[in-house]
4 protein chains.
Amino acid sequence: MRMAAPAPGQKIKVGVLGATGSVGQRFMQLLNGHPWFDVVALGASPRSAGKTYEDAVNWKQSVPIPPAMAPLVVSECKPDAPVFKDVKIVFSGLDANFAGEVEEAFAKADVAVFSNAKNHRYDSDVPILIPPVNLDHLDIIPAQRKARGYDKGFIITNANCSTTAMAIGIKPLAAKFGIETIMVTTMQAISGAGYPGLSGMDVLDNVVPYIGGEEVKMETESRKILGTVQNSVFVDADVNVAAMCNRVNVLDGHLECLSIKLANKATAEEVIDCIKTYPSITKDLGLPSAPDHDVVYNPSHDRPQPRMDRMVGDGYTVTVGRVRDCNVFDIRMVVFGHNTIVGAAGGSLLNAELCVVRDLIN
Amino acid sequence: MRMAAPAPGQKIKVGVLGATGSVGQRFMQLLNGHPWFDVVALGASPRSAGKTYEDAVNWKQSVPIPPAMAPLVVSECKPDAPVFKDVKIVFSGLDANFAGEVEEAFAKADVAVFSNAKNHRYDSDVPILIPPVNLDHLDIIPAQRKARGYDKGFIITNANCSTTAMAIGIKPLAAKFGIETIMVTTMQAISGAGYPGLSGMDVLDNVVPYIGGEEVKMETESRKILGTVQNSVFVDADVNVAAMCNRVNVLDGHLECLSIKLANKATAEEVIDCIKTYPSITKDLGLPSAPDHDVVYNPSHDRPQPRMDRMVGDGYTVTVGRVRDCNVFDIRMVVFGHNTIVGAAGGSLLNAELCVVRDLIN
Amino acid sequence: MRMAAPAPGQKIKVGVLGATGSVGQRFMQLLNGHPWFDVVALGASPRSAGKTYEDAVNWKQSVPIPPAMAPLVVSECKPDAPVFKDVKIVFSGLDANFAGEVEEAFAKADVAVFSNAKNHRYDSDVPILIPPVNLDHLDIIPAQRKARGYDKGFIITNANCSTTAMAIGIKPLAAKFGIETIMVTTMQAISGAGYPGLSGMDVLDNVVPYIGGEEVKMETESRKILGTVQNSVFVDADVNVAAMCNRVNVLDGHLECLSIKLANKATAEEVIDCIKTYPSITKDLGLPSAPDHDVVYNPSHDRPQPRMDRMVGDGYTVTVGRVRDCNVFDIRMVVFGHNTIVGAAGGSLLNAELCVVRDLIN
Amino acid sequence: MRMAAPAPGQKIKVGVLGATGSVGQRFMQLLNGHPWFDVVALGASPRSAGKTYEDAVNWKQSVPIPPAMAPLVVSECKPDAPVFKDVKIVFSGLDANFAGEVEEAFAKADVAVFSNAKNHRYDSDVPILIPPVNLDHLDIIPAQRKARGYDKGFIITNANCSTTAMAIGIKPLAAKFGIETIMVTTMQAISGAGYPGLSGMDVLDNVVPYIGGEEVKMETESRKILGTVQNSVFVDADVNVAAMCNRVNVLDGHLECLSIKLANKATAEEVIDCIKTYPSITKDLGLPSAPDHDVVYNPSHDRPQPRMDRMVGDGYTVTVGRVRDCNVFDIRMVVFGHNTIVGAAGGSLLNAELCVVRDLIN
């Protein structure tokens with residue numbers, strides 16, 4: 001079903017914006033050895049510009065910096081910088097303080113922008129794209145190009161990390177039974193706050209029951225993501241989400257406890273069955289980073305757990321567990337996803353791969 | 001308002017059952033230097049009997065074993081053991097495998113039993129007592145004595161640790177506005193599982209989204225605790241509770257995220273005000289272990305937190321924070337309490353002190 | 001043996017410099033309710049000046065901010081600020097970037113300065129004072145006053161936190177057998193780096209085998225501390241110390257593994273006996289913050305441990321354990337002390353109390 | 001230089017003893033997809049025998065159980081069990097309570113045994129083999145076979161995990177300058193204690209300064225490993241090692257601080273250079289699991305660190321850092337290695353691969 005994979009020896013040149021940050025580092029790791037994309041340009045702050053990546057970055061990943069990436073020279077995040085000359089795609093891990101204008105400048109300059117920042121997520125012509133959930137939201141791109149005067153460029157965002165895991169985990173239920181209400185409490189990993197992020201004194205032997213702006217993001221984004229595109233306009237889903245967000249002493253992976261009111265009642269067994277039979281959308285599309293399954297059900301009584309389930313599907317698979325009845329709503333369940341892979345850099349990578357097969361990169 | 005405090009030099013002799021276990025150790029710590037109670041008898045398994053407490057216990061508290069307690073000799077948990085001769089109160093930290101019959105034997109032998117085990121919690125004539133919440137449940141004791149043929153003895157249980165924190169935190173709302181529904185997700189400390197409890201490999205960099213039996217306990221016990229005693233019979237409160245329980249990498253203190261549907265609507269400000277003005281019931285009763293406030297409201301945007309709030313009121317105060325509106329129910333808030341102090345040994349101690357001032361210890 | 005305790009109702013007025021920082025917060029906690037000292041003045045950065053302490057501080061201690069301290073108004077760290085008018089003692093938790101000159105200004109203004117900063121530690125006329133180790137170093141004060149033109153003021157520093165624990169732990173051996181060489185590897189708590197200090201991402205599931213400047217401090221300071229004052233001049237001890245310092249995922253308390261070459265050979269049993277019989281110097285001096293023992297030996301095979309031994313002697317006692325022979329030097333042992341109590345604020349407090357009984361505060 | 005790799009389609013049949021334990025699980029992970037070895041037999045306790053691996057194991061690795069391994073049926077650890085019929089190699093992760101006799105039985109039955117247990121490590125005819133350190137110790141095998149009456153079978157052990165990392169890290173120095181004395185303090189991961197191993201309450205916010213038997217193992221094994229085989233007899237190296245072992249709150253990877261007295265003095269720069277130029281022995285031998293380098297030098301001032309360096313060389317590379325002069329001995333440095341890969345299962349796997357290329361598997 002794959003349509004437009006680059007021919008061997010014809011990799012697409014890509015850049016990474018915010019390459020030294022937390023999300024940027026994860027992009028570098030995931031793009032290392034990618035079959036379709038070739039990283040040729042790194043953008044970061046003026047302070048890093050001119051240095052090799054190895055010298056500019058304070059590498060904090062659990063595996064060493066890819067040797068092929070280490071000697072790349074960092075430049076500023078400007079589309080007219082020479083290194084961006086033949087770049088057709090940029091992955092943006094930029095901070096929200098800078099992302100807005102920089103991303104627009106690249107889109108204007110005929111570059112497809114895949115962003116992790118919140119700046120454009122709520123724009124009326126920018127999709128929050130999660131391929132296993134709402135790939136039809138790509139339909140908005142022509143309208144976006146027209147409205148903004150972009151020729152070949154465009155902007156696609158991914159959702160906030162905690163929203164992404166939830167959206168993938170509930171999509172099978174939403175598709176089959178409809179969802180009216182979600183009450184969700186999250187236990188989120190510290191890598192979600194970037195580096196240095198939280199002080200060690202705040203995470204050791206502790207939980208912080210507050211993450212700035214996170215609850216509103218989950219409540220707002222999920223309505224757009226689960227919604228539809230009608231006549232080039234986003235129509236929000238009629239789902240009522242209330243979130244309570246917490247930071248726990250975990251490195252990677254957001255765990256979320258959900259209670260869900262379905263539009264059409266279903267038993268726990270029916271819900272489990274609908275998750276297990278949900279198609280592997282990204283795999284079926286032939287995306288090279290796709291996991292075997294976008295979402296899986298783990299039948300163990302005490303799973304998912306961050307340490308043991310974060311690398312399911314190499315971090316691209318969302319795991320659901322503990323599906324059971326609820327005496328308040330209909331169904332309780334636990335959803336878990338890797339916040340910096342499927343919930344951030346990996347999500348953007350799937351989005352870019354999807355745009356390749358949909359022939360949107362030109 | 002204190003009624004029946006022991007005269008100086010006339011301390012009440014008490015015993016601790018299960019003295020070497022986790023809850024038992026906390027009893028020893030809290031009873032050290034107590035103004036009314038004198039620990040003269042320690043009960044534990046036959047394996048420990050005959051040893052000094054110091055030799056029998058694998059002490060795991062964060063402060064050293066009290067010097068006065070170290071040389072006490074442990075005996076078996078039998079009311080006719082010589083050390084229990086003049087004991088009028090026993091605090092039970094026994095394991096549920098043994099607690100049922102042993103506690104009954106002591107009550108039969110004219111001893112007031114304050115239990116942390118679940119065995120008798122759901123008996124129709126045994127209160128789950130939390131003084132700031134339901135001290136009128138003491139009214140059941142005459143009926144209990146009559147039904148079971150106890151003369152001076154009786155059995156009083158405290159609630160499961162996660163239920164206790166929730167019950168104290170929501171009591172002001174229940175009293176003022178009424179509560180119809182609670183959705184609660186807990187993040188519970190590992191000390192709640194006793195020692196050794198969870199493996200280090202399961203708590204490091206991890207969350208376990210399952211605690212055996214805990215969700216049912218919270219859902220069941222809260223109905224009884226918030227209920228009433230009518231004509232010597234417990235009448236459950238008509239409150240619908242759904243719980244999702246998790247174990248996090250925290251030593252002491254359970255954090256709970258609640259969404260609440262009130263019987264009579266109230267704003268977040270009204271809820272905060274009702275918590276702040278809730279009376280200090282145990283303090284007003286003159287209980288020596290009582291904190292200044294049974295429940296407090298912390299106005300910081302990111303509190304309560306386990307490491308910084310567990311010792312509020314020396315571990316006897318429940319802290320509420322982040323009270324705010326909810327777009328699904330009426331109010332969202334965070335409740336936090338020390339699981340082995342107010343939620344276990346300390347709760348039992350308050351119960352015993354209450355029985356002293358109510359002249360039930362004879 | 002106490003000589004000059006303030007009469008009741010005649011408490012000495014004291015100030016805290018750097019009151020909002022990590023060490024400053026610990027000072028506030030330890031000075032709360034102190035029998036001799038009354039905190040009347042708080043100094044901090046211009047940014048905090050004018051605010052109440054409660055508003056200025058980002059309180060990070062595990063117990064709540066003392067209610068009596070909360071409303072105190074913070075001023076700048078200048079001896080001529082009105083609040084410092086009758087202050088005779090200041091405790092300095094100032095950062096090394098500011099401590100040097102500020103502390104001198106206070107000493108010049110007739111204030112006794114007890115500092116935790118490194119700035120003056122290596123001055124030839126300033127003692128690094130640890131009462132159980134080298135209280136005779138107080139003899140340098142007259143020379144210091146003379147050299148610097150101080151009248152009633154002076155400066156006394158305490159040692160770096162890791163040095164303090166080691167010095168107290170080995171003093172019994174140094175006194176009885178003499179010490180030639182120490183190889184020490186530390187595992188230090190994150191609170192030693194202040195707040196925010198290390199990123200949560202650097203401490204979770206990790207050890208950082210480097211603490212800037214720490215190894216040199218331990219090697220240098222221990223020679224001065226174990227040395228003598230001869231004719232108003234410090235003479236370093238002839239002890240060769242090599243240190244390897246690590247940061248581990250522990251909140252409070254530094255654990256140190258030592259291998260020691262003694263001047264006069266001794267068996268492990270003799271070393272244990274010499275620790276157990278070492279006098280309780282600060283207690284015998286009648287210092288109100290003194291623990292029962294400055295140093296204790298814990299005979300368990302797996303102690304000391306940070307979580308369980310940090311509050312021995314309320315954090316003022318250093319614990320030694322695992323004393324055993326060494327096949328390279330003579331003795332191996334583990335030393336442990338609370339880094340922010342005995343190793344920082346508490347150490348300064350003992351120093352000030354010592355100066356009171358020695359009649360140096362006028 | 002590879003001599004005897006199995007032809008394609010002619011993989012060697014291997015078994016794993018103790019397959020459900022911690023080391024056994026790591027074997028399963030590392031053997032998954034191995035180019036030379038095909039896992040056909042799993043041995044475990046009678047309790048597990050007859051179950052599929054998936055049902056028998058309490059899988060605790062950070063990546064999911066390999067799908068190809070899940071349905072294998074576990075049998076008892078007996079060489080005459082049918083599944084072991086054509087097995088030429090067994091990897092033993094057996095507990096020391098069982099390993100001794102079982103491993104002998106397999107060797108007697110013509111199977112090459114690669115053991116992680118301590119039982120045979122100190123036998124006079126069994127090597128403690130670490131290919132980058134002492135591959136010439138293989139020369140003992142003919143003598144072992146003769147002495148024990150083994151025909152094609154033999155027993156090869158690997159070292160204790162903390163010894164392995166140290167031995168690989170110091171080998172370049174030992175080879176070039178000679179080593180007389182080592183003082184080593186370890187900070188070891190909790191996975192080294194197996195599952196469940198340490199209680200979560202003992203590792204959270206804590207260090208345990210004791211690991212049973214570990215210090216003696218490091219001191220004893222290193223002498224044998226660094227020694228030679230002369231006339232079919234092991235001759236210990238004349239190196240004096242003193243170890244102090246600690247358990248820290250880290251999942252995988254042992255960090256070790258060493259101070260070393262060299263036979264021939266060298267500067268830190270010379271030591272660094274000798275590490276950097278040490279040959280890649282296992283890679284040069286063509287072993288399929290070999291990393292690019294058996295040992296590397298990390299020049300950062302604060303490395304190696306467990307979280308970031310444990311997967312260097314996929315866990316097969318030992319990292320050395322912080323090489324600097326020492327004022328007591330000659331050189332201080334930090335050594336780090338993955339305890340369950342290079343220090344356990346991975347080490348055995350390299351040993352087996354070495355025996356293949358040396359034509360010892362027949």
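Note that these values count all heavy atoms, side chains included, but never hydrogens, waters or copies made by symmetry. To find a chain, count down the sequence lines: A is the first, B the second, and so on, and within it residues start at 1.
In terms of heavy-atom pairs under 4.5 Å with chain A, the best-connected choice from B/Leu204, B/Leu251, B/Asp252 is B/Leu251. Interface check for chain B: of the options A/Met201, A/His301, A/Lys261, A/Arg303, the most heavy-atom pairs under 4.5 Å are formed by A/His301. Chain A forms more heavy-atom pairs under 4.5 Å with one residue of B/Ile182, B/Val203, B/Val208, B/Asp202 than with any other, namely B/Val208. In terms of heavy-atom pairs under 4.5 angstrom with chain A, the leader among B/Gly212, B/Pro209, B/Gly253 is B/Pro209.
The number of heavy-atom neighbours closer than 6.0 Å to NZ of A/Lys60, taken from other residues, nucleotides and ligands shown, is above 12. A 6.0 Å sphere centred on CG of A/Asp236 holds more than 12 heavy atoms belonging to other residues, nucleotides or ligands.
Among residues 185-198 of chain B, the residues having any heavy atom closer than 4.5 Å to a heavy atom of chain A are, in sequence order, B/Thr185, B/Met187. Heavy-atom neighbours of chain B within the stretch residues 319-326 of chain A, taken at a separation under 4.5 angstrom, comprise A/Arg322, A/Arg324, A/Cys326. Contacts between residues 308-317 of chain B and chain A, counted as heavy-atom pairs separated by less than 4.5 Å, involve B/Met308, B/Arg310.
If you take CZ on A/Phe329 and CE on B/Met183, they are separated by 4.5 Å, rounding to the nearest 0.5 Å. In this structure, the separation between CG on B/Asn246 and CG on A/Asp302 is 11.5 Å, given to the nearest 0.5 Å. The CG atom of B/Leu255 sits 8.5 Å away from the CG atom of A/Asn206 when rounded to the nearest 0.5 Å. Between the CZ atom of B/Arg307 and the CG atom of A/Asp205 there is a distance of 7.5 Å, given to the nearest 0.5 Å.
Contact of B/Val241 with chain A is made through the backbone alone, with heavy-atom distances under 4.5 Å. Within the 4.5 angstrom heavy-atom criterion, no atom of A/Ile211 approaches chain B. If you measure heavy-atom distances from B/Ser259 to chain A, the contacts under 4.5 Å come from both the backbone and the side chain. Only the side chain of A/Val334 has a heavy atom closer than 4.5 Å to any heavy atom of chain B.
A donor-acceptor pair is defined here as one N or O able to donate and one able to accept, closer than 3.5 Å; such a pair exists between the side chain of A/Arg332 and the backbone of B/Ala243.
Applying the salt bridge (Lys or Arg N to Asp or Glu O under 4.0 Å) definition to pairs two or more places apart or across chains, none involves residues 181-190 of chain B.
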Practice item. Check the pair B/Val248 / A/Asn249 against side chain to side chain contact (heavy atoms under 4.5 Å, CB included), numbers first and verdict last. Key: CA-CA 8 Å; B/Val248 294; A/Asn249 197 3; over 6 Å; no
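Between A/Val207 and B/Gln305 there is no side-chain heavy-atom pair separated by less than 4.5 Å.
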